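All values reported here derive from a predicted model rather than from experimental measurement.
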Amino acid sequence: MTTPSFHGFSCDTAAFFQELENNNERAWFEANRERYQLEVVHPAQAFVLAMNEPLRKVYPELQADPRPNGAGSIFRIHRDTRFSRDKRLYKTNLGIFFWQGWPGKRERPGYYVHLEGATLGLYCGLYEFSSEKLQLYRRAVADPKRGAKLLDAIAKIQAAGPYTLGGHHYKRIPRGFDVPPERAELICFNTIYTLLETPIPEEFYSSRLVDYCIEHFTVMRPLLQWLVEEMNI
């Protein structure tokens, strides 16, 4: 089987999710399943494959796995509604994750591409810390040398463009940790990432999306490097 080349997503990729927002029901999705495969899944798989080689030049061992339905880089469209008040059946966004190292992608840092509405988001970081990784993170932030490196990494990224720092965080510094004021907010995070969020760029509709993502992922690299090398994850 020949690997498809990536020529960009179509205008109907975003339109599919925008229509799904107003028709989040099984009957509509089943009537549009072929459209979903053609306009979302197939170009997403081609994009993931096209990203594989360039990603390795950004940082070694970044994984680009074209399997759909959550098994690989492409997140599944079906929502898990078992324990949620939100009973909508389908996600109204496209999510693609390139994670660092082995084993699987759970609790691994990496890069994430998020299409929702008329917006494209590019992320770098670790979405959510487990209890074990939260302690590793806090110890790294509290350490004078490693904490200073994190501040430098964030400053370097934000100086390069309109990149923002994100992370859900607690209101108080956790017990047992003593940090200077410049790291007080960081030690309250339970996730950390940098984000570039823009209207869907014209590159989204062509093969140039690969270069577009790689350019921004390279700028965000210092945070990934810190997570991998200073937290040893």
Side-chain angles (χ1 to χ4, degrees), residues 55 58-63 70 73 75-76 79-88 91 93 95-114 116 119 121-197 216-233:
L55 278 170
V58 175
Y59 204 85
E61 297 185 4
L62 279 165
Q63 307 302 317
S73 292
F75 281 76
R76 66 196 302 267
R79 297 183 66 255
D80 186 351
T81 62
R82 291 173 299 173
F83 309 107
S84 174
R85 284 185 169 183
D86 185 350
K87 296 302 180 183
R88 290 179 299 169
K91 299 173 185 174
N93 66 273
I96 300 174
F97 183 49
F98 305 105
W99 67 93
Q100 167 64 23
W102 298 95
K105 64 184 180 181
R106 291 184 63 85
E107 297 184 12
R108 300 297 304 173
Y111 294 108
Y112 177 63
V113 179
H114 183 93
E116 187 162 10
T119 301
L122 302 183
Y123 296 74
C124 172
L126 186 58
Y127 178 68
E128 189 172 7
F129 294 119
S130 64
S131 296
E132 179 184 0
K133 284 187 171 59
L134 180 59
Q135 291 304 311
L136 289 174
Y137 170 76
R138 287 172 172 174
R139 288 198 290 270
V141 173
D143 180 83
K145 185 176 180 181
R146 292 188 290 165
K149 285 185 177 180
L150 177 57
L151 287 174
D152 288 344
I154 294 169
K156 188 174 183 180
I157 295 168
Q158 293 183 328
Y163 303 93
T164 58
L165 179 68
H168 305 296
H169 57 277
Y170 302 101
K171 293 182 178 180
R172 296 183 178 87
I173 293 175
R175 291 181 180 178
F177 291 94
D178 183 20
V179 294
E182 63 268 23
R183 299 202 302 273
E185 182 181 11
L186 287 173
I187 204 167
C188 294
F189 282 19
N190 68 353
T191 178
I192 186 169
Y193 56 85
T194 54
L195 163 66
L196 176 72
E197 190 173 66
H216 292 294
F217 287 168
T218 300
V219 173
M220 298 177 181
R221 183 184 185 276
L223 179 59
L224 178 64
Q225 183 175 5
W226 185 87
L227 287 166
V228 174
E229 298 179 10
E230 302 304 327
M231 281 184 57
N232 297 315
I233 58 174

Open item on the list: Working note: L224 + L62, criterion side-chain contact (heavy atoms from CB on, under 4.5 Å); need CA distance, chi angles, decisive distance, verdict.
Closed with: CA-CA 11 Å; L224 178 64; L62 279 165; 4.2 Å; yes
- [ ] Test L122 against T194 for side-chain contact (heavy atoms from CB on, under 4.5 Å), laying out the working first.
- [x] CA-CA 8 Å; L122 302 183; T194 54; over 6 Å; no
Task: V113 and F98: CA distance, side-chain angles, deciding distance, side-chain contact (heavy atoms from CB on, under 4.5 Å) verdict - done: CA-CA 9 Å; V113 179; F98 305 105; 4.2 Å; yes
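At least one donor-acceptor pair closer than 3.5 Å links the side chain of T191 to the backbone N or O of L126. A distance-only check finds no donor-acceptor pair linking the side chain of K149 to the backbone of E230 [under 3.5 Å]. A donor-acceptor pair under 3.5 Å is formed between the side chain of Q100 and the backbone N or O of P60. The backbone N or O of E61 sits less than 3.5 Å from a side-chain atom of Q63, completing a donor-acceptor pair. Within the 3.5 Å criterion, the main-chain N or O of K91 finds no donor-acceptor partner in the side chain of R79. Of the possible polar contacts, none joining the W99 side chain to the S73 backbone as a donor-acceptor pair under 3.5 Å is found. Side-chain N or O atoms of R221 include one that pairs as donor or acceptor with a backbone N or O of V58 at under 3.5 Å.
Side-chain contact between L186 and V179: absent, with no pair of heavy atoms (C-beta onward) separated by less than 4.5 Å. When side chains are defined from C-beta on, W226 does not count as touching L151, because their heavy atoms never get closer than 4.5 Å. Proximity of L196 to M220: side-chain heavy atoms (C-beta onward) are separated by under 4.5 Å at one or more points. Looking only at side-chain heavy atoms (C-beta outward), D178 and I173 stay at 4.5 Å or farther from each other. Side-chain contact between M231 and F129: present, with at least one pair of heavy atoms (C-beta onward) separated by less than 4.5 Å. Within the 4.5 Å cutoff, no side-chain heavy atoms of L195 are placed close to those of Y163.
Taking CG from L136 and OG from S131, the interatomic distance works out to 11.0 Å, rounded to the nearest 0.5 Å. With rounding to the nearest 0.5 angstrom, the CD atom of E197 is 9.0 Å from the CD atom of E116. A distance of 12.5 Å separates CZ of F189 from CG of L134, quoted to the nearest 0.5 Å. Rounded to the nearest 0.5 Å, atoms CG (L165) and CD1 (I154) are 4.5 Å apart. In this structure, the separation between OG1 on T119 and CG on N93 is 11.5 Å, given to the nearest 0.5 Å. The OH atom of Y137 lies 5.5 Å from the CG atom of L150; values are rounded to the nearest 0.5 Å.
For the pair A153 and L223, the tightest heavy-atom approach, listed with the atom from each and the gap, is CB-N, 4.3 Å. Nearest approach of R146 to R139, heavy atoms of both residues: NH2-O, 3.6 Å. Taking each heavy atom of H169 and G167 in turn, the nearest pair found is ND1-O, 3.1 Å.
In this pair, F217 and Y111 present their aromatic rings parallel. The plane angle is below 30°, not in the 30 to 60° band.
Between F75 and Y112, the ring center distance clears the sub-6.0 Å criterion.
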